[in-house]
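Values below: every heavy atom of this structure, side chains too, minus hydrogens, waters and symmetry copies. Position 1 is the first residue of the sequence; numbering continues from there. Please read all numbers here as calculations on a predicted model, not as lab measurements.
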Amino acid sequence: MKEIVNQLSLSASQCLRIERLTNHGFGVGHAEDGKVVFVADSAPGDLVRVAFDEDHGNYSVAHIVELTEPSPIRVAPSCPFVATCGGCCWQHIAYEAQCTTKRTLVLDALERIAHFAAIRTERLVASCMPAPRPLKYRNKLELGAVWDPQQGFTLGFYRADSTRIATPERCLLAHEAIVAAPRALRGALRYAQGVADLGIYRVGMRHSERSGSLELALWTEPGI
């Protein structure tokens, strides 16, 4: 009977207001019974109708069914692949709000974990300095690779909380020198392998803006 009740509660939906963000990218709200709810792809200030996916006793995990009232800090994501890639969980939040949230998370960690007094943390932690380039700044990418007898070689980014691989054509965080590398490497390595599995499970690349050099590394299973 308890399992049946739990399944019914998971399938039900509720409206709740998102109050803050966690360092894992989830929005946090409270259900009608007061239980903490973690909601992916939400922003502080959102009023959302959610469906419950997991019940962990003192908290639940849910996903958005309907965005009833968007937060004023919600923006359209810059990346067209954000829904499938899962690598950038705050793309839907204005950059200034992201900076403010990062400082808040540091304050919270110092007060809740290190037990610093709030007045001390406010004095210690300065405002988060915005990056001069919110996009096209990353000089290093690491991609997961899998081999499937039916689909052949696949190279891309691991989806959020999953071993499945997403295959976006480019990463907008990557430096211009390597932004198209995922698509190019996918085609080149697929051609090089043909119908055989070469055991490649990870591919990494690093670009130096100073020298202009590009480093590529392939990981394979150790030989026997």
Got V37 and Y59 here, is their nearest side-chain heavy-atom distance under 4.5 Å? no

Discussion item. Is there a path of hydrophobic side-chain contacts, each under 4.5 Å between heavy atoms of I/L/V/M/F/W/Y residues, joining I64 to I18?
Written reply: yes

Taking every heavy atom of L216 against every heavy atom of M205, the minimum-distance pair comes out as CD1-CB, 4.2 Å

Item to complete: Give a yes or no answer on whether the side chain of S71 reaches the backbone of P44 with a donor-acceptor pair at less than 3.5 Å.
Response: yes

Heavy-atom closest pair (L214 atom, I178 atom, distance to 0.1 Å) is CD1-CG2, 3.4 Å

- Query: Within a radius of less than 6.0 Å around NE2 of H24, do more than 12 heavy atoms belonging to other residues, nucleotides or ligands occur?
  - Reply: no

Between L172 and P80, is any pair of side-chain heavy atoms under 4.5 Å apart? yes

Do the non-hydrogen side-chain atoms of H30 and K35 ever get within less than 4.5 Å of each other?
no

Would a distance-only check, ignoring hydrogens and angles, find a side-chain to backbone donor-acceptor pair under 3.5 Å from E54 to A62?
-> no

**Message:** Using side chain to side chain contact (heavy atoms under 4.5 Å, CB included), reason through T220 and L198 one step at a time and then give a plain yes or no.
**Reply:** CA-CA 8 Å; T220 61; L198 299 182; 5.9 Å; no

What one should report as the nearest heavy-atom pair of V179 and C171 is CG2-O, 3.1 Å

#### Entry: Check: R103 side chain, V125 main-chain N or O, donor-acceptor pair, under 3.5 Å
yes

| query | Side chain of Q14, backbone of E32: donor and acceptor closer than 3.5 Å? | reply | yes

query: So, do P182 and L143 sit near enough that their side-chain heavy atoms are less than 4.5 Å apart?
result: yes

Check: Does a side-chain heavy-atom distance below 4.5 Å link V61 with F52?
Finding: no

Show, in sequence, the C-alpha distance, side-chain angles and deciding distance for D46 and R17, and conclude whether the salt bridge (charged side-chain N to carboxylate O under 4.0 Å, His left out) test is met. CA-CA 6 Å; D46 279 346; R17 181 76 68 176; over 6 Å; no

Notebook entry, point to check: Between L155 and L185, does a side chain to side chain contact (heavy atoms under 4.5 Å, CB included) hold up when you go through it step by step?
Noted result: CA-CA 8 Å; L155 179 72; L185 282 170; 3.7 Å; yes

When every non-hydrogen atom of A174 is compared with those of L141, the smallest separation belongs to CB-CD1, 3.9 Å

**Asked** With no hydrogens and no angle check, is any side-chain donor or acceptor of R49 less than 3.5 Å from a backbone partner on E66?
**Response** no

Between E215 and K140, does a salt bridge (charged side-chain N to carboxylate O under 4.0 Å, His left out) hold up when you go through it step by step? CA-CA 9 Å; E215 177 186 274; K140 177 185 176 184; over 6 Å; no

task: Decide yes or no on side chain to side chain contact (heavy atoms under 4.5 Å, CB included) for V48 and T68, but give the supporting numbers first.
output: CA-CA 5 Å; V48 292; T68 305; 5.8 Å; no

Pair V65, V50 - check side chain to side chain contact (heavy atoms under 4.5 Å, CB included), show working.
CA-CA 5 Å; V65 174; V50 301; 5.6 Å; no

Worksheet item: Would you find more than 12 non-hydrogen atoms of other residues, nucleotides or ligands less than 6.0 Å from I113 atom CD1?
Response: yes

Worksheet item: Can you check whether L21 reaches I93 side chain to side chain, under 4.5 Å on heavy atoms?
Response: yes

message: A cation-pi test, strictly: NZ or CZ of R120 under 6.0 Å from the centre of the six-membered ring of F116 and no more than 45 degrees from its axis. Yes or no?
response: yes

side-chain contact (heavy atoms from CB on, under 4.5 Å) test vs E176 passes for just one of E209, K136, H207, namely K136

To the nearest 0.5 Å, atom CZ of R112 lies from atom CG of L107 at 12.0 Å

What one should report as the nearest heavy-atom pair of E142 and W219 is OE2-CH2, 4.2 Å

For atom CD of E96, decide whether the heavy atoms of other residues, nucleotides or ligands shown that lie under 6.0 angstrom number more than 12. no

Quick one: does T101's side chain get under 4.5 Å of W90's, heavy atoms only? yes

Any side-chain to backbone donor/acceptor pair from R74 onto H92? Under 3.5 Å, distance only. no

Worksheet item: Under a 4.5 Å cut-off applied to non-hydrogen side-chain atoms, are Q193 and W147 in contact?
Response: yes

Closest non-hydrogen atoms of A97 and I73, given as atom of the first, atom of the second and distance, are CB-CD1, 3.8 Å

*Hey, is the main chain of R186 close enough, under 3.5 Å, to the side chain of Y191 for a donor-acceptor pair?*
no

